[in-house]
There are 2 protein chains.
Amino acid sequence: MTKTKTTPSAQALPLNTILDGDCIEVMNGLPANSVDLIFADPPYNLQLRGDLHRPDNSQVDAVDDHWDQFASFEAYDRFTQDWLKAARRLLKPNGAIWVIGSYHNIFRVGAALQNAGYWILNDVIWRKSNPMPNFRGKRFTNAHETMIWASKEEGAKYTFNYEALKALNEGVQMRSDWVIPLCTGHERLKDEKGDKAHPTQKPEALLHRVLVGSTNPGDVVLDPFFGTGTTGAVAKMLGRDWIGIEREEAYRKAATARLAKVRKFDREALQVSASKRAEPRVPFGQLVERGMLRPGEALYSPRGKIAKVRADGTLIGEDVKGSIHQVGAHLEGAPSCNGWTYWCFKRDGKTVPIDVLRQQIRAEMQA
Amino acid sequence: MTKTKTTPSAQALPLNTILDGDCIEVMNGLPANSVDLIFADPPYNLQLRGDLHRPDNSQVDAVDDHWDQFASFEAYDRFTQDWLKAARRLLKPNGAIWVIGSYHNIFRVGAALQNAGYWILNDVIWRKSNPMPNFRGKRFTNAHETMIWASKEEGAKYTFNYEALKALNEGVQMRSDWVIPLCTGHERLKDEKGDKAHPTQKPEALLHRVLVGSTNPGDVVLDPFFGTGTTGAVAKMLGRDWIGIEREEAYRKAATARLAKVRKFDREALQVSASKRAEPRVPFGQLVERGMLRPGEALYSPRGKIAKVRADGTLIGEDVKGSIHQVGAHLEGAPSCNGWTYWCFKRDGKTVPIDVLRQQIRAEMQA
DNA sequence: TAACAGTTTGAATCCAACG
DNA sequence: GCGTTGGATTCAAACTGTT
């Protein structure tokens, strides 16, 4: 259902519809100072070279869409400046914007935001619980994306539902790093052939937290890179009005079908942000990094065997090196060994199990 | 102890010392292409907040302060461009840089890095396990800082000790988000009055991971914003040479005292898990030459395919001949194949991977 | 049905030595 | 310098098929 509101400029605001076209042109045709929140997932300008294969030789399905290609950093910057300017015009004085990106583009976007007069409130890290690994072992697993939250200008009275977010976070204030899984399973839209309908569909849990935290029911949320409509879907569930802009027909079609099925106040949608808490895994190497054990220091087995700690958190014994578990198993001639309970270190003449140090770290993490 | 090395430019590199002065001037006085790694913790430019004054000391009109904000950003950008340029000149061709910052400055730094020709390898999130809460409840708890890791240029062969980092992380590859506590307790340097000696002292655990991951023992590490010397302290422990630049005398003094107390770890402890790529290459033909496999002998694939060994160390299958890798890839219809782990031979009725023979040869080479 | 094993997949700037 | 070739490289979660 589409409704319209009258704005100060007397232009109609096409609420709860997907607009077809280039986002800059479309935004320039909408009334100024009319939108409460903008959520933008612009092209990341990935610069992929050749193909990438997994160790099992299967090929990675890369983001090689034409809309992600830019000729140069300069071209990407011009595009970014243009859409950010058009977006800022639409925002109400106390409106705000979220932009998501990766290291390929987010630094340019952040600088452009500041240059355009936006005022950064936080950068928020989406920590992926199940990221794609680095298959060639040449870099760190790319396990996060960055979101920037900014008001229209310094001093604006932006919306921040502190208590709602605190409630979402088991009673403690929400941090700038959010652990949320990738969009997979039933939530991931498929096309007729069963392939993913959009290469970079964002999880609803992410938008849920954004919209609960920085909008109120009845607010107008605009997404200039609507894609398959995650922003619209979550806005609708949460009773916000939304406007999408998307120039690819296939995406508009998928988003339209998706949005028709969405119901306001869907229970499931409210549950998506609930996360389970497990005992955090503590790598032994952290004890070394944190100086709780020093490289070169000796560890002692129950039967008096000795191994030395190395800088990378492995142990070296008489004729064996490896993890605390591997070296323990080797010394005992056992198939496996829990190094945490097996090894001890010495402090002030006393012998102390290393597991004590792990518990210290866990206590810190929970605090 | 100070030592110096002769560089191609015949200028002395003042190793393991703290240099007094403006980092740009000092860096410009050091020899080009002489440093393996730069770790930089530049000023965050927080003085953009609060009252803004023009150079003539008149106060900025709050109504249209965008121009002045932009001017301030411009000044910060010029500073950033200048020190990044000076730093890049110092880097060896395969050198790399790490820069740490917060949302106040990191976007400008990241864009400047890209503009200066650096090639971003990862952005890494330092996730603080014990961040300062947001007291006013107006924003998210600022619980992280961002680090950018970049090589001198695209295609450079940067150092990445993948296996060591994997070992530090309990056997799974290191991700781009690192959970490390703030620098507190006995590690936090205090001045004579008992106040913290430096407002933003970084934890040694952070530098430990950076240096283990992206340098080797004996490398030269430079920190142009040395502060109280965390970079130097960890570099010294890990057997890396270091150079610090710091213009505040109080920080230099604190760092000097700190570094005098630091002890290098045992040589054995600095040995770190190595990649298989570092192992010596063994031509398959050697197995034939040495009589470990005989020409005409059959090798078996996991799925029962057979190929015969030829006198020159190539294989011949049903409709293909070539190296162990080429024939394996062809039989699997795969883009590539590691023939060493793919093929087996038979001895006394048992099926044995040919990689066992390679390991025998490598063991002999070491003896 | 439930438990278990094997398969698939996700915004990726993903090789290096040798001839 | 560049083309060729050897051979190293993956984690979590959802899904599919079998017992």
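To find a chain, count down the sequence lines: A is the first, B the second, and so on, and within it residues start at 1.
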**Q** Working to the nearest 0.5 Å, report the span between CD1 of A:I361 and CD1 of B:I180.
**A** 10.5 Å
**Q** Please report the distance separating the C1' of C:dT7 from the corresponding atom of D:dT10, rounded so that it comes out in whole Å.
**A**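 It comes out at 14 Å once rounded to the nearest Å.
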**Q** Hey, which sits more toward the 5' end of DNA chain D by its nearest nucleotide, A:H186 or B:S323?
**A**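 Here B:S323 is the residue nearer the 5' end.
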**Q** How would you list all residue pairs meeting ring-ring contact (aromatic ring centres under 6.0 Å, His included) that involve residues 183-203 of chain A, not counting sequence neighbours?
**A**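 Checked against ring-ring contact (aromatic ring centres under 6.0 Å, His included) - neighbours excluded - the pairs reaching residues 183-203 of chain A are A:W67-A:H198, A:H198-A:Y251.
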**Q** Given the C1' atoms of D:dT19 and C:dT1, what is the spacing between them in whole Å?
**A**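 About 12 Å, rounded to a whole number of Å.
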**Q** Select from B:R175 and B:N338 the residue whose nearest nucleotide in DNA chain D is closer to the 5' end of that strand.
**A** B:N338
**Q** What is the distance, to the nearest angstrom, from the NE2 atom on B:H325 to the C1' atom on C:dC18?
**A** 13 Å
**Q** Heavy atoms from C-beta onward define the side chain here; which of D:dA13, C:dA17, C:dA11 lies closest to that of A:E145?
**A** C:dA11
**Q** Out of C:dA12, C:dA11, D:dT10, which nucleotide sits closest to the side chain of A:N142?
**A**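 Looking only at side-chain atoms, A:N142 lies closest to C:dA12.
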**Q** What is the distance from atom CD of A:Q286 to atom CZ of B:R209, rounded to the nearest 0.5 Å?
**A**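 If we round to the nearest 0.5 Å, A:Q286:CD and B:R209:CZ are 5.5 Å apart.
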**Q** When the P atoms of D:dT9 and C:dG10 are considered, how many whole Å apart are they?
**A**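 About 25 Å, rounded to a whole number of Å.
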**Q** Nearest to the side chain of B:Y162, which nucleotide is it out of D:dA8, D:dT9, C:dC18?
**A**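 For the B:Y162 side chain, the nearest candidate turns out to be D:dT9.
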**Q** In which stems does DNA chain C show up, taking only runs of three or more Watson-Crick or G-U wobble pairs whose two distances fall under 3.5 Å?
**A** C:2-10 with D:11-19, C:15-19 with D:2-6
**Q** Cationic tip of A:R108 within the cone over A:Y76's six-membered ring, i.e. under 6.0 Å and within 45° of the normal?
**A**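 Here A:R108 fails the 6.0 Å and 45° test against A:Y76.
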**Q** Which of these nucleotides, C:dG10, C:dA11, C:dC14, is closest to any side-chain atom of A:V63?
**A** C:dA11
**Q** Does C:dG10 have OP1 or OP2 under 4.0 Å away from a side-chain N or O of A:K196?
**A** yes
**Q** List in numerical order all residues of residues 130-138 of chain A for which some heavy atom is under 4.0 Å away from an atom belonging to DNA chain C.
**A** A:N130, A:P131, A:M132, A:P133, A:N134, A:F135, A:R136, A:K138
**Q** Take atom P in D:dC15 and the same atom in C:dA11, then report the distance between them in whole Å.
**A** 15 Å
**Q** Please determine, for the side chain of B:S336, which listed nucleotide (C:dA11, D:dA8, C:dA12) has the closest atom?
**A**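 Side chain of B:S336 sits closest to D:dA8.
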**Q** Are A:R127 and A:W178 in a cation-pi contact, defined as NZ or CZ under 6.0 Å from the six-membered ring centre and within 45° of the axis?
**A** no
**Q** Quick one: which of D:dG6, D:dT9, C:dA11 gets closest to the side chain of B:Q326?
**A** D:dG6
